[in-house]
Amino acid sequence: GAVVSQHPSRVICKSGTSVKIECRSLDFQATTMFWYRQFPKQSLMLMATSNEGSKATYEQGVEKDKFLINHASLTLSTLTVTSAHPEDSSFYICSASLWDYNEQFFGPGTRLTVL
Amino acid sequence: QKEVEQNSGPLSVPEGAIASLNCTYSDRGSQSFFWYRQYSGKSPELIMSIYSNGDKEDGRFTAQLNKASQYVSLLIRDSQPSDSATYLCAVNGAGSYQLTFGKGTKLSVIP
């Protein structure tokens, strides 16, 4: 199956710092990548949809200046949480999909804790 | 607004029994349907996809789709304790890359 990696798996940072999370499709070229956030005991919330070489499309209520997404290649997308605050602490998960298929394959997730 | 509804559970079944998970969706134009399994603290894992009416079997898993009733289900035969997880139903519509997820059903398989 398609493999998606995410790095780092866990990060703890101080309030006000920025954190970058990488998402890579390892064995396929992903035309579209997605970024989700999941708070404890809640379902996945889509934050943004990212296509290679173009600006990300953010969901309503997600601040694009706070959550910077770069999709530089067909195998790499990054999410930068700028000026992180404790309320940004969450489980961030990326996924990637193939052009001809609708299946999304998820990365293992990044658990962010902002102190 | 597109909605995907699932019974939150928990659904408890004894080991070896059949677990039946259900999902309904609001967007009649939906084209693709997926079941993901999510263990606590982990990311979702795709276990089944189904695109046309009827049944699709993969090992112990069977997905069933009825577009007229806007209903999709997942059956797990010979349930094992390792099947204990939250099962997410996901749907996307025509021409859309985005998935709409249900809130998930928590399944507990009792040894």
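Proteins get letters first, then strands, A, B, ... in listed order; numbering begins at 1 in each.
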May I ask you to decide if Gly102(B)'s main-chain N or O and Ser43(A)'s side chain share a donor-acceptor pair within less than 3.5 Å? yes
Atom group of Leu99(B) that falls short of 4.5 Å from chain A, counting heavy atoms: both
Among Ser43(B), Ser8(B), Ala90(B), Gly104(B), which residue forms the greatest number of heavy-atom pairs with chain A at distances under 4.5 Å? Ser43(B)
Does the His7(A) side chain pair with the main chain of Ser9(A), one donor and one acceptor, at a distance under 3.5 Å? no
List the atom of Leu112(A), the atom of Asp88(A), and the distance in Å for their closest heavy-atom pair. CD2-O, 3.8 Å
For Gln6(A), is it the side chain, the backbone, both or neither that has a heavy atom under 4.5 Å from a heavy atom of chain B? neither
Classify the side-chain pair Gln38(B)/Gln38(A) by whether it contains a donor and acceptor separated by less than 3.5 Å. yes
